[in-house]
Amino acid sequence: MSYYQGKRILITGAGSGIGALMAEQLGRRGAEVIVTARRRKPAEDVARRVQAAGGRGHARLLDVSDLDSIAPFRDQLHTEIGEIDILVNNAGVVFGGEFEQVALSEHLNTLQINTLGLIAMSHAFMNDLRNAHQGHLVNIASASAYIGLPFGSTYAASKWAVLGFSESLRLELKERGINNVAVTTVCPSYISTGMFDGVRNPILSPMLTPEKVVKSILRGVKHRQALVVEPPLVRGIDLLKGALPGPVWDEVAKRSGISTSMRHWQGK
Ligand SMILES: NC(=O)c1ccc[n+]([C@@H]2O[C@H](COP(=O)([O-])OP(=O)(O)OC[C@H]3O[C@@H](n4cnc5c(N)ncnc54)[C@H](OP(=O)(O)O)[C@@H]3O)[C@@H](O)[C@H]2O)c1
């Protein structure tokens with residue numbers, strides 16, 4: 001029997017990209033997936049794909065940037081469907097460009113969705129996860145949680161915050177003896193979902209496929225891993241950055257293409 005069989009899993013931003021693929025793959029493994037998106041049609045389409053794959057799919061509208069709507073959304077979900085076992089905080093946006101040319105509203109929106117929405121969702125559903133036999137909080141961060149991202153500074157800030165939040169909460173739950181709730185932080189490099197169209201991949205970091213990333217996430221969650229990092233060499237960045245003098249690290253970041261990767265961003 002699959003680890004995911006019969007588990008009730010809520011995914012935010014599941015109308016496209018890795019959220020949609022994860023929903024479908026979980027359906028294939030017999031899960032009950034609450035597909036949430038801010039638009040009705042993508043949510044319903046993906047919920048149908050979950051059903052077609054053999055799982056149970058529910059479509060629900062949820063805009064995670066509307067923080068005040070999250071607790072009422074949870075209460076309604078409890079009435080209509082029940083408590084969840086796994087929360088996947090996947091919704092995210094990016095606005096690339098030269099810092100002052102990008103509207104302040106877009107910088108702030110990035111933090112509102114990627115960070116504050118994720119924290120509000122985790123807060124609203126923590127009791128569900130605590131009541132579950134094997135509760136799990138899965139937070140989609142990014143490889144840019146490990147490194148500065150020129151031309152995407154607010155996106156990097158939002159993901160550094162997610163990594164810090166996730167890691168802290170994971171340790172807190174352990175400290176409090178809450179052993180049935182795992183926390184997994186996912187840090188992938190660029191994925192071919194359209195979000196980062198136009199970027200130039202740094203050396204040793206080819207464009208990832210959504211299939212590869214979703215496979216790693218589902219394996220990592222099943223094994224209750226603290227971190228899922230793709231490609232794994234991203235984890236070495238911390239070591240390298242710590243070991244090298246600042247100006248040498250800056251040169252490495254430039255020559256490897258890390259510093260310039262977002263310069264030609266055209267994504268959605
Ligand atoms: N693609 C990459 O290279 C990459 C790399 C590392 C991490 N990630 C992270 O992976 C996650 C999924 O991204 P993806 O690559 O699959 O791109 P994607 O297809 O654009 O998925 C992002 C999803 O988030 C949804 N969303 C945006 N704002 C929302 C809001 N306020 N409330 C609810 N949903 C909202 C989007 O819905 P709409 O269609 O309505 O906008 C979209 O379905 C994101 O957190 C992203 O930061 C992506």
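Bear in mind the structure is a predicted one, so any value in this text is a computation, not a measurement.
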When you compare the side chain of [Y] with that of [X], does any pair of heavy atoms fall below 4.5 Å?
X: Leu137; Y: Phe125; result: no
X: Leu129; Y: His136; result: no
X: Leu208; Y: Tyr190; result: no
X: Met126; Y: Leu169; result: yes
X: Met22; Y: Leu218; result: yes
X: Met195; Y: Val94; result: yes
X: Met121; Y: Leu10; result: yes
X: Asn180; Y: His133; result: no

Look only at the side chain of Arg38 and the backbone of Leu62, and say whether a donor-acceptor pair between them is shorter than 3.5 Å.
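Between the backbone of Leu62 and the side chain of Arg38 there is no qualifying donor-acceptor contact (under 3.5 Å).
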Between the main-chain N or O of Ala226 and the side-chain N or O of Thr184, is there a donor-acceptor pair closer than 3.5 Å?
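Not at all, since once roles are kept as given, no pair shorter than 3.5 Å links the two residues.
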For atom [atom1] of [X], is the number of surrounding heavy atoms from other residues, nucleotides or ligands below 6.0 Å larger than 12?
X: Gln76; atom1: CD; value: no
X: Arg224; atom1: CZ; value: yes
X: Glu80; atom1: CD; value: yes
X: Lys241; atom1: NZ; value: yes

Decide whether [X] and [Y] are clustered together by the hydrophobic rule: side chain heavy atoms of Ile, Leu, Val, Met, Phe, Trp, Tyr closer than 4.5 Å, transitively.
X: Val93; Y: Val102; result: yes
X: Ile18; Y: Met207; result: no
X: Leu149; Y: Ile147; result: no
X: Val183; Y: Leu163; result: no

Not counting sequence neighbours, list each pair that qualifies as a side-chain hydrogen bond (donor to acceptor under 3.5 Å, both in side chains) and has a residue in residues 83-97.
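Found Glu83-Asn131, Asn89-Ser122, Asn89-Asn139.
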As an exercise, state the distance from [atom1] of [X] to [atom2] of [Y], rounded to the nearest 0.5 Å.
X: Asn109; Y: Thr154; atom1: CG; atom2: OG1; answer: 11.0 Å
X: Ser168; Y: Leu171; atom1: OG; atom2: CG; answer: 7.0 Å
X: Ser142; Y: Ile191; atom1: OG; atom2: CD1; answer: 8.0 Å
X: Lys254; Y: Glu251; atom1: NZ; atom2: CD; answer: 7.0 Å

Distance-minimising heavy-atom pair for [X] and [Y]:
X: His107; Y: Phe99; result: NE2-O, 3.0 Å
X: Val50; Y: Ala23; result: CG2-O, 3.5 Å
X: Thr36; Y: Thr12; result: OG1-CA, 3.1 Å
X: Ser205; Y: Ser189; result: OG-OG, 2.8 Å
X: Ala91; Y: Val64; result: CB-CG2, 4.0 Å
X: Ile140; Y: Val162; result: O-CG1, 4.4 Å

Relative to each other, are the rings of Phe196 and Tyr155 parallel, tilted or perpendicular (30° and 60° limits)?
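Correct class here is perpendicular.
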Taking [X] first and then [Y], would you say they form a salt bridge - that is, a charged N and a carboxylate O separated by under 4.0 Å?
X: Arg176; Y: Glu172; result: yes
X: Asp45; Y: Lys41; result: yes
X: Arg170; Y: Glu167; result: yes

Could you check whether Phe151 and His264 have their ring centres less than 6.0 Å apart?
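For His264 and Phe151, the ring centres are not under 6.0 Å apart.
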Run the numbers on Thr115 and Trp160 for side-chain contact (heavy atoms from CB on, under 4.5 Å), then give the verdict.
CA-CA 9 Å; Thr115 311; Trp160 281 50; over 6 Å; no
Met262/Arg200 under side-chain contact (heavy atoms from CB on, under 4.5 Å): CA gap, chis, key distance, verdict
CA-CA 7 Å; Met262 275 288 283; Arg200 310 259 163 89; over 6 Å; no
side-chain hydrogen bond (donor to acceptor under 3.5 Å, both in side chains) involving His78 - partner list, sequence neighbours excluded
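Scan of His78 (side-chain hydrogen bond (donor to acceptor under 3.5 Å, both in side chains), adjacent residues dropped) gives Asp128.
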